[in-house]
Structures are given as structure tokens and as C-alpha cells.
Amino acid sequence: MIEVKNLTKDYGTTRAIENVSFTVPTGQIMGFLGPNGAGKTTTMKIITGFMPPTEGQVLIDSLDAIDHSLEVRRKIGYLPENTPLYTDMDVVGYLTFVQRLRGIPQSEHSVRTRRMIELCGLGEVLKKDIGELSKGYRQRVGVAQAMIHDPEILILDEPTVGLDPNQIVEIRDLIKELGRAKTLILCTHILPEVDATCDRVLIVNRGKIVADGTPASLRAAASGHDRLTVEIKGPSDQIRSALEGLPGAARVARGDGADAEPLGAGCSRFVVESASGHDLRETVFAMVRDRQWILLEMHHEATRLEDVFRQLTVGADAQAAAGSTS
Amino acid sequence: MTTVLANTWTFTLKELRSFFNSAVAYVILTLFLFITGWFFASNLFLVNQADLRDIFGAIIPLIFLFFVPAITMRLIAEEKKTGTIELLVTLPVRDVEIVLGKYLASLILLAAALALTFAYPLTISILGDPDTGGLVGGYFGLLLMGAAYLAIGLFTSGLTPNQIIAFITGFVIIFVLYMLDKIIMVFPSAIASVLEYVSVGYHLDNLARGVIDSRDVLYYFSLIGLFLFLAVRTLESRKWR
Ligand SMILES: Nc1ncnc2c1ncn2[C@@H]1O[C@H](COP(=O)(O)OP(=O)(O)O)[C@@H](O)[C@H]1O
Ligand SMILES: [Mg+2]
């Protein structure tokens with residue numbers, strides 16, 4: 001279990017994080033999500049004992065991360081941001097080096113190395129220098145070194161940055177696989193990453209936690225962003241005003257964006273955003289039937305986590321900017 | 001205690017491997033042998049005297065001035081630059097083990113370089129009759145002096161992520177210690193004797209005369225201890241900023 005209590009960290013005069021508190025229970029995969037500069041890396045550096053906070057405390061299984069530094073470091077596997085690795089060592093040599101320093105008995109080295117190679121798909125690059133590896137393979141070496149001692153706690157800081165889409169899917173699958181039996185913190189500024197892998201999401205912005213919940217609960221809590229796309233055959237402006245007149249419709253916009261399918265003759269497409277708690281599907285259907293138009297398509301999209309994220313981060317920034325100018 | 005030794009040795013092996021993987025070791029050893037050999041040969045044949053005192057007392061200390069910071073500049077600075085330091089210090093190892101391991105690797109490289117120059121006094125012993133006491137003391141003194149320089153170089157490598165800056169800072173500190181006993185004439189005698197004691201050359205001269213005095217040895221060990229301690233502090237510096 002990871003307990004983070006009231007962490008504040010100042011770099012000189014810059015406050016990177018302020019009063020950050022959260023608890024990650026054993027076995028949870030927690031996404032630590034926030035835009036660049038939000039303070040994710042800073043928080044991880046403190047949890048892993050790389051540096052102390054300006055104020056606050058971290059407890060790992062009730063042990064203070066500073067007072068019991070060595071013990072705490074034994075429990076954690078860490079992949080720092082940008083995956084720093086010794087480029088002049090080969091993969092097996094490096095994994096052996098890490099095992100020695102982690103005090104793993106020599107007799108277990110080859111078994112553990114083999115397990116990591118299998119798990120992380122490193123079979124083809126065993127003897128290569130790490131410096132010669134592609135970004136994707138390097139990332140896997142980074143995950144392998146973090147996992148080799150089978151830690152209770154795994155901390156991965158932006159593990160998919162710089163990877164191509166196929167590699168991203170592979171690393172995500174790997175994380176899901178690994179995370180099953182571990183307490184895992186996954187830092188990322190990429191939203192689908194947490195949606196795809198995490199039990200819980202913590203959203204940070206400007207050094208503060210702005211949301212905490214499961215991906216589903218965060219979606220539910222967000223207001224007014226359910227979107228209904230409809231394609232209707234009938235007079236366009238009448239349809240529009242009818243939609244706008246519906247109780248619970250917050251906003252109506254034309255739905256023929258660049259990537260939309262071409263419309264049939266006499267048809268128009270609209271996107272209706274509903275106010276929170278309203279499901280407009282039935283009312284729209286009834287309205288079309290009453291007016292004797294023809295409903296060609298209806299597509300309902302629940303609030304996306306992207307929207308929650310944007311609302312919490314960009315919105316907060318806008319508010320902060322407005323606050324500072326007024 | 002055993003884990004301290006084991007971890008230290010793991011770091012030493014890693015650094016030795018990367019010295020020899022990156023050709024740094026070969027370049028340095030070759031250059032060192034070549035330069036010392038050249039001075040040795042010119043002393044031997046031009047002046048026609050087999051005098052080792054010059055080589056031990058003046059030439060090798062001068063070469064060390066450049067040679068030693070070149071060995072150490074990479075050791076910590078590179079880790080700070082690439083970020084591997086973060087992996088290293090979040091492993092369950094002590095900062096002392098990291099510093100000692102790296103230090104030992106550099107010391108082994110330096111000792112190897114010195115050992116290779118054995119060929120020269122060996123030649124002299126065939127041609128003439130060298131002062132064996134001076135020879136042993138001279139080598140011992142050079143090793144101690146080199147060891148102190150290495151500690152200084154390792155410390156300056158920990159000050160910055162930039163190897164060039166690490167080299168230059170190391171060079172300057174070593175240069176000052178090297179020059180102290182050469183400029184004492186301009187100081188009043190009370191200060192001069194202090195400066196002399198602090199200078200590296202004074203103690204080396206004693207040892208090269210074949211006198212192994214515990215005060216000289218203690219001097220070098222204090223330098224080594226002080227700068228290794230400071231090197232450990234540079235690793236901890238992330239904690240007090
Ligand atoms: N070493 C540092 N010195 C000064 N400021 C820093 C340092 N590291 C991070 N910061 C600042 O602290 C804030 C948080 O950074 P960081 O923790 O890296 O965010 P994230 O990982 O979420 O992108 C940023 O404003 C960043 O500029
Ligand atoms: Mg970051």
C-alpha cells in the first residue's frame with residue numbers, strides 16, 4: 001500500500017506540487033493522469049525516494065520512505081521518465097547487474113532473466129547493446145529491470161511515450177498483464193492509456209489533484225456532455241429548431257464535419273449535447289415520428305473521459321487565467 | 001558489510017567493463033605509455049643518465065594532471081546527464097557503495113597504467129644500477145598521488161552533468177595542489193611550511209627518496225578520504241535542493 005500525505009515540492013521558487021495526498025491500496029492499478037508539467041514525475045521521484053518532499057510524507061506499507069529508505073526501495077520497481085538505461089551494456093548483462101544490486105542470489109539469476117525476457121518479449125535482442133535497440137525494445141528493457149525482483153509495487157512514468165501505435169498496444173497489454181498482482185502507478189498524459197488499463201484514475205493539474213475515481217465514475221460525474229448524433233430526412237431548419245426546443249438539449253450543432261459520411265438528398269445531421277441526467281433518445285424518436293420526418297440514423301455517445309479531462313484541466317487553467325487577470 | 005563489498009565490487013566491474021568497451025581505457029593506457037616512454041627514452045639517451053627521479057618526481061605527476069581527470073570525468077557526470085543516476089539511487093544500494101565502486105574501477109585502471117611502465121626501470125636495471133628503494137617508494141608515491149587525484153576527479157564528476165566541466169574543475173583543483181610547493185618562495189616561512197605540507201609534490205618527493213613516512217601516507221589518505229566523502233555528498237545533493 002502506498003500512502004502519500006500532503007506532499008509539497010518546491011524547486012527553488014517553482015512549486016511543482018502542492019498538498020498532494022492519496023492512497024493506493026494493495027493490488028490496485030492507478031492511473032496518474034495530467035498534462036505535461038502537472039507534477040506527476042515530481043510525485044513519483046518522491047515516492048521512489050529519489051528526492052525528499054519539501055513538506056509531507058510517503059509511507060510504503062507503513063514504512064516512511066525516507067527513514068526506511070533501503071527497505072522501501074527493495075519493495076519498489078521503478079521505470080523513470082524517458083527510460084534512462086546504460087547504453088553500453090547488453091540486455092542480459094544489464095538485467096544481471098540489476099539483480100546483483102538487488103541482492104538476488106546468483107542461482108536465481110538465469111531463471112529470472114529468462115522469465116523477464118519471455119514476459120517482455122526480449123528474445124530477439126538478448127545479446128545486443130541497449131544503445132542499439134529501438135525505442136520500443138528499450139522501453140521493454142526498462143519494464144524488465146523494474147520487474148525483475150518481482151516487486152510488490154511498480155511505478156511506471158510515461159512508459160509509452162515515443163512509441164508507435166503497435167508498440168503502444170503491446171506495452172499496454174504488458175502493463176495490464178503485470179499489474180494483475182501488483183500495486184501499480186501508471187503516470188501518463190495520454191488519456192486512453194488509463195481508460196484502457198486502470199482501476200482508478202487520479203487527475204492532477206498544476207500540482208494539485210483535481211479528480212479521483214474510477215474511469216466510469218468520473219464519466220458519470222461529468223455534466224452535460226452526452227452526445228446524440230441524429231440523421232433526419234426533412235426540412236433542415238425546422239428540424240434544428242425542433243431539436244433546440246427539446247427539454248434537456250443543451251446545445252445543437254450541425255454534424256457534418258469533415259470526416260462525416262455524405263448525406264442523402266434532403267437529409268441533415270445534427271449533434272445534440274444533452275444536459276446532465278437527460279437521455280434524449282426517446283424524445284427525439286417521438287418528435288420525429290410526430291412530425292412525420294424520417295429518422296435515418298441515431299447514435300448515442302456517453303461522456304468521454306477526454307471531455308472530463310479537458311474540462312478539469314483546460315477549464316481550470318482558463319479559470320486560473322481569468323482569476324489572475326481580474 | 002558483505003553486501004557493501006559485494007555491491008561496491010558490482011559497480012567496479014561495471015565501470016571497468018565500460019572503460020574497456022568504450023576504448024577509453026585503451027586510448028588512455030596507450031597515450032600514457034607512449035608519453036612516459038618518450039620522456040624516459042630521451043632522458044636515458046640524450047642526457048645519457050638513467051635517472052628515474054625525473055620521471056617520478058616531475059614527469060608522471062605532470063602527466064597525471066591531465067590523465068587522471070580524463071579517467072574520472074565520465075564516472076558520475078554521464079549518469080547525471082543520461083538520467084541513469086535515478087535508476088541507480090532508487091536501487092537498494094548506498095551512495096557510498098556507488099562512489100567506492102566507481103573509485104575502485106578508476107584506481108585499477110591507473111594502477112594498470114603504472115604497472116605497464118615497469119618496463120622502463122627494468123631496462124635501467126639491465127643497463128645500470130637503479131636505486132631500488134627509490135623505485136619502490138617512487139611507485140608507491142605515484143600510486144598514492146594518483147589515488148588522491150582520482151578522488152578529486154570523481155568528486156568534480158559528481159558536481160555537474162557536463163564531462164568537460166568535470167574535467168576542467170578537477171584539473172584546476174589538482175593543479176593548485178600540484179603548484180603549491182612550487183610557489184612557496186613568495187610566501188613568509190610560516191605560511192610556506194603549511195602550504196608545503198598541503199602540496200602534493202612535497203610528499204611525493206619524500207616517497208621518491210625511498211623514505212616511506214607515515215605522515216606522507218596519511219596526507220594522501222586524508223585527501224582521498226575528504227574527496228570521496230565530498231563525492232558521496234554530490235550524490236546526496238538532490239536531497240537538499
Ligand atoms: N529539476 C527541476 N527544476 C525546476 N523545476 C522543475 C524541475 N523538475 C520539474 N520542474 C517543474 O515542476 C513542475 C512539474 O514537473 P513534472 O513533475 O516533471 O511534471 P509532469 O511529470 O507532470 O510533466 C513543472 O512546472 C516543471 O517545470
Ligand atoms: Mg513527467
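We name chains A, B, ... by the order of the sequence lines, and we start the count at 1 in each one.
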Is it the side chain or the backbone of B:Asn21 that comes within 4.5 Å of chain A heavy atoms, both, or neither? side chain
Under 4.5 Å from a heavy atom of chain B, the part of A:Asn82 involved: neither
Please report the shortest heavy-atom distance between B:Thr10 and A:Arg100, naming the atom on each side. OG1-CD, 3.6 Å
Measuring from B:Lys14:NZ to A:Thr96:OG1, what's the distance to the nearest 0.5 Å? 14.0 Å
Enter the distance from B:Arg17:CZ to A:Tyr86:OH here, rounded to the nearest 0.5 Å. 12.5 Å
Looking at A:Arg102 and B:Leu91, would you say the former's side chain and the latter's main chain have a donor-acceptor pair under 3.5 Å? no
Interchain contact, B:Thr82 with chain A, by part (heavy-atom threshold 4.5 Å): backbone
Return all side-chain donor-acceptor pairs below 3.5 angstrom for residues 99-116 of chain B, not counting sequence neighbours, or 'none' if the list is empty.
unit_1: B:Lys102; atom_1: NZ; unit_2: B:Glu15; atom_2: OE2; d: 2.6
unit_1: B:Lys102; atom_1: NZ; unit_2: B:Leu75; atom_2: O; d: 2.8
unit_1: B:Lys102; atom_1: NZ; unit_2: B:Glu79; atom_2: OE2; d: 2.7
unit_1: B:Tyr103; atom_1: OH; unit_2: B:Ala147; atom_2: O; d: 2.7
unit_1: B:Ser106; atom_1: OG; unit_2: B:Tyr103; atom_2: O; d: 2.7

Distance in Å, B:Ile98 CD1 paired with A:Leu101 CG, rounded so as to fall on 0.5 Å steps: 8.5 Å
Please determine whether the number of non-hydrogen atoms from other residues, nucleotides or ligands lying under 6.0 Å from atom CZ of B:Phe221 exceeds 12. no
For the CZ atom of A:Phe50 and the CD atom of B:Glu86, what is their distance to the nearest 0.5 Å? 5.0 Å
Of all heavy-atom pairs linking A:Gln145 and B:Leu87, the shortest is NE2-CD2, 3.5 Å
Are B:Arg94 and A:Leu70 close enough that some pair of their side-chain heavy atoms sits under 4.5 Å apart? yes
Would the number of heavy atoms belonging to other residues, nucleotides or ligands and lying under 6.0 Å from NZ of A:Lys75 be above 12? yes
How about A:Glu124: does its CD atom have over 12 heavy atoms from other parts shown lying under 6.0 Å from it? no
Considering the options A:Glu71, A:His149, A:Arg74, which one meets the side-chain contact (heavy atoms from CB on, under 4.5 Å) requirement together with B:Pro92? A:Arg74
